[in-house]
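Structure first, commentary second.
Worth saying up front: this structure is predicted, and the values here are computed from it rather than measured. Below, each value reflects all heavy atoms present in this structure, side chains not excepted, and no hydrogens, waters or symmetry copies.
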Amino acid sequence: MSDTHSAPGPAAAPFRYEAALAADIEARWQDFWDAEGVYEAPNPTGDLAADGGAGTADRPKKYIMDMFPYPSGAGLHVGHPLGYIATDVYARFSRMTGHNVLHTLGFDAFGLPAEQYAVQTGTHPRTSTEANIGNMQAQLRRLGLGHDKRRSFATIDPDYYKWTQWIFLQIFNSWYDEAADKARPIATLIEQFESGERETPAGWRPWSELDAAGRAGLLGEYRLAYASDAPVNWCPGLGTVLANEEVTAEGRSERGNFPVFKAKLRQWNMRITAYADRLLNDLDALDWPEAIKLQQRNWIGRSEGARVGFPVRTAAGAERAVTVFTTRQDTLFGATYMVLAPEHELVSGEDSIVPAAWPEDTHAVWTGGHATPSEAVAAYRKQAASKSDVERQADAKEKTGVFTGAYAVNPVSGERVPVFIADYVLMGYGTGAIMAVPAHDSRDFAFARAFELPMRCVVEPSDGRGTDPAGWDDAFASYDARIVNSAGDGLSLDGLTVTEAKARITDWLTERGIGEGTVNFRLRDWLFSRQRYWGEPFPIVYDEDGVAHPLPESMLPLELPEVDDYSPRTFDPDDPDTSPETPLSRNEEWVNVRLDLGDGRGPRMYRRETNTMPNWAGSCWYELRYLDPHNSEKLVDPGIERYWMGPREGQPHGGVDLYVGGAEHAVLHLLYARFWSKVLYDLGHVSSAEPFHKLYNQGMIQAYVYRDSRGIAVPAAEVEERDGAFWYEGEKVTRLLGKMGKSLKNAVTPDEICAEYGADTLRLYEMAMGPLDVSRPWDTRAVVGQYRLLQRLWRNVVDENTGEVTVTDAEPGEAALRALHKAIDGVTQDMAALRFNTAIAKVTELNNHLTKAGGPVPRTVAERLVLLVAPLAPHIAEELWHRLGHTTSVVHEPFPVADPAYVQDETVTCVVQVKGKVKARLEVAPSITEGELEALALAQEPVRAALGGADIRKVIVRAPKLVNIVPA
RNA sequence: GCCGGGUUGGUGGAAUGGUAGACACGGAGGCCUCAAAAGCCUUUGCCUGAAAGGGCGUGCGGGUUCGAGUCCCGCACCCGGCACCA
């Protein structure tokens, strides 16, 4: 980049605010702030408390937090620190308005990218991760972020993950007590079984008859962390399972683009479903963007409906019921067939309903061309299992399935209904079985058309299409209609509205024990284990019977062992019949261990769990550890937690006062963290049932991507604009708005902007670009606008040639005072509402006013202007503050307070409209009366001209700003 | 398909139902300078006009209102999320 504006020359002013001076100022004050510890927030007690708890009792607290970064090797671009700058501005503003502000930043450092990077470069993940953290800290330090460095940590620190493991054990050792509607220690459940207060559930022998392994198995059904065989995304090419979010829409791994298969593997899960209702309900009291709340609500997916049993006989002749979940129990009379998920238990094993031969007159289309039902079912199940999710989705339009050969009985109409299996019914939702009502569900409609199944209209269409589904193009699924054709067996729903019918039939089913009203959730339990090296080891060992035992707290942290090779073992990418080999399992000495768990069993041999936790684990509770980061006895001291996070007026569940981060974590991190928070709350470890009271999503900084004729991105910095077109090396290129990043060759780093203009300019520009929550394109050319603002600010206080302070001790004039107090008033409101873009506009207006006025700026105005700027551009503010003669930091200086007497202008502009069109403008006193104003307005020449002598029908006067005259 | 959010000058954006375009970038012109840079000043929604002025204007079509970028109804397009969830 050119540096013409900083070119040295004889005329250059030595005290001009340019990059070199900005760099000097910024480095100097950053060192000063560090040395003085100005950002250190006192705790009420403990090692981070000030003398006698000073600073905590005498002022309100504010906990301001960022979603912490993942230290990638690529370094930061200017988009990354947007949120960090915003929270920093708000934190600084809050300090100046008298708050004890907790603001710090840690690092989320476990996870696949670090491991992959380490594999590629051949270095240990810890080495590369720590180097990345160092680089990122250096980049961030340049921005002047006011973090309490004593509270920072990385999730890979054993002192930190000791407590991640501890929380896992808390969750493992808990169960959800429906009666108390909260999690309780598993010991309370064992007591209930032992005392006989609680009986073992159906299918289990009594507690007293169970052996140790049996009891462990039973408790596993209750624990909030439990192992189970679940289908997972297995990627042989990477040698590891992947989270859903690590698999592309094409069913391939995001890294390496390898195929991903479903495989059943024994995995750890978290029973987040136990909290579905509370996770849903507690959203109401949170100050979060509606869009995010909605995403969580949809993700949790609560639906009210009913479970209904359809009698069926197994092939062996036993009586069973196919239980379905439906939200449309009102259409039960219209259920003309049933569908089970291909994996449903009633189509395999001893309880199978699949008969030996097709019933007489079975429709040819139903059999799929197979000679027997079991052949057809087996073939379909195999085909469904081999399909990836993506294929299943792609085929969604085409309904496939096959008849099981079995019939069930519709419990209200008494009719025999054929039972199918089809992959449009998912095993993981509801009961994995549906009653199909083709006339009133478009999926059932499509299936019924394909398989020539009967349809019965039981809700009279309100759109005039008639009651014969034969002529319909699609199902009638509207709720705004009445029930028809629904009578029999002492029950009639005819004439009722959908809502009335739902209630009526639910009662009827309940009375007869056929069904019951129920609530179903879409939310699934959280798969919590990964076959990777770079994650928290599970504090679990297995005995010779394969029973899992928790490590005692005294054995934490269980540190990651060294292994010969921490990379996953990879396989033929296209071979699904492989299984992962966990890196930790390669260290036999670590895996096979003799321990005394202190449970009275004495020292014996155990095998360690060799899975690791997912990268979400560390970020599930970090807001708690910032509070009390060095506590070796507890994850957080209860008093300290209550001080910073406890419930209070308007925040019934407690939590962080402001949490800023990207919207991409809407249903992952933010849901997981809420879940852990509630478990810890239930178990009495914290007073806050929610981690984040107020959430704010910052927008993305976008950048133009330039592509040549082959579609390849070209370096954006070298593209020229000519005649409305874009050129790179003489070739015409196309421009599109996209993400910023190395691969698109359009990354701009904070380092280069800081080098060119200084950190204060960068901070100001990022805050001035637009509202914080909106995405917008980066424009390096426009940065200079904020640079000029700081230069004018500087010149309003300091002589560029001598470095002398130029302010005058003379009293400011009326105009200066009004400009000042209007700015103070506006900036204060904007800052409090995170509207930093308009706050900067108001600062600019004041500064421009002072520039334009000429002459020395009155000291009282200059000082308050500096204070207004301090949260946004802290370095230049600190420098000017000291040059103005102060010896203490601007960081804790009180924010200026507006004097209402000067906030209003001396005169206001009143517009005079005729029929809503502006015809004249008047300068009037704010106190003018309506009568005076009306008379004045009517006397205006342009107004009289516009009226042209017409009669006046009405005059609307809104003194002192507006008069609107409506002619007859 | 369903659910959210959006659409304002050449650009980023600003506007408790009451002056549309604050503030900034970019453009044009000027001052200063031997010259340039920087800085400062003026100007900059569109059309029309020498000017004064006039007309038009917040994605499109309606509506409510004395008055609509803002509220209501319908539509188009863009962005994001979910997606056979019974």
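Comparing B:G12 with B:G4, their C1' atoms are spaced 25 Å from each other, to the whole Å. Taking atom C1' in both B:A20 and B:G45, the straight-line distance is 10 Å, to the nearest Å. Here the separation of B:G10 from B:G21, taken at their C1' atoms, is 14 Å to the nearest Å.
In the model, A:Gln329 has a side-chain atom that pairs as donor or acceptor with a side-chain atom of A:Thr506 under 3.5 Å. Judged purely by distance below 3.5 Å, without hydrogens or angles, the side chains of A:Glu923 and A:Thr909 pair a donor atom with an acceptor atom.
Residue A:Lys917 contributes atom NZ, which lies 9 Å from atom C1' of B:G55 at whole-angstrom precision. Rounded to whole Å, the distance from NZ on A:Lys915 to P on B:C66 is 14 Å. A straight line from CD1 of A:Ile421 to C1' of B:C84 spans 16 Å, rounded to a whole angstrom. The interatomic distance linking A:Arg795 (CZ) with B:A38 (P) rounds to 12 Å, in whole Å. We find that CG of A:Asn964 is positioned 13 Å from P of B:G18, with the value rounded to whole Å. A:Asp773 places its CG atom 9 Å from the P atom of B:A14, with the value rounded to the nearest Å. Atom pair A:Arg522:CZ and B:C2:C1' shows a separation of 12 Å (rounding to whole Å applied). Put simply, CE on A:Met767 is 14 Å from P on B:A14, counting in whole angstrom units.
Residue A:Ser775 has no polar side-chain atom (N or O) positioned under 4.0 Å from OP1 or OP2 of B:C79. The side chain of A:Arg297 contributes no N or O atom lying less than 4.0 Å from OP1 or OP2 of B:C3.
Residue A:Ser303 is classed as a sugar-phosphate contact, given heavy-atom separations below 4.0 Å to backbone atoms only.
The glycosidic torsion of B:G9 lies within 90° of 0, placing the base in the syn range.
Judged by distance alone, with hydrogens and angles left aside, the side-chain atoms of A:Lys842 form no donor-acceptor pair with the main-chain N or O of A:Asp830 at under 3.5 Å. Judged by distance alone, the side chain of A:Thr336 and the main-chain N or O of A:Met455 form no donor-acceptor pair under 3.5 Å.
The partner of B:A22 cannot be assigned: no Watson-Crick or G-U wobble pair with both contacts below 3.5 Å exists in any strand. Across all strands shown, B:G67 forms no Watson-Crick or G-U wobble pair with both key distances under 3.5 Å. In a base pair of the Watson-Crick type (N1 to N3 plus N6-O4 or O6-N4) or a G-U wobble (N1-O2 and O6-N3), with each distance short of 3.5 Å, B:G74 is matched with B:C60.
At a cut-off of 3.5 angstrom, the base of B:G12 holds no donor-acceptor pair with the side chain of A:Arg776.
In the set B:C82, B:C41, B:A86, the nucleotide with an atom closest to the side chain of A:Lys852 is B:C41. Taking only side-chain atoms of A:Arg16, from C-beta outward, the nucleotide of B:G12, B:A86, B:G39 with the closest atom is B:G39. For A:Gln791, taking side-chain heavy atoms from C-beta onward, the closest of the listed nucleotides B:A14, B:G39, B:A86 is B:G39.
Residues passing the ring-ring contact (aromatic ring centres under 6.0 Å, His included) test with A:His849: none are found, sequence neighbours excluded. Judged as a ring-ring contact (aromatic ring centres under 6.0 Å, His included), and not counting sequence neighbours, the contacts of A:Trp794 are A:Tyr17.
Between A:Asp441 and A:Lys954, the residue anchored nearer the 5' end of RNA chain B, judged by the nucleotide with its closest heavy atom, is A:Lys954. Each of A:Val774 and A:Asn298 was matched to the nucleotide of RNA chain B holding its nearest heavy atom; the match closer to the 5' end belongs to A:Asn298.
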**OP:** Kindly determine whether A:Phe447 and A:Phe420 satisfy ring pair (Phe, Tyr, Trp, His ring centres under 6.0 Å), including the steps that lead there.
**Re:** CA-CA 10 Å; A:Phe447 189 87; A:Phe420 284 73; 5.4 Å; yes

Subject >> Under 4.0 Å protein heavy-atom contact, by nucleotide of nucleotides 19-29 of chain B - B base, S sugar-phosphate only >> reply: B--BSSSS---

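Between A:Tyr704 and A:Tyr706, the two ring planes are tilted [angle within 30° to 60°].
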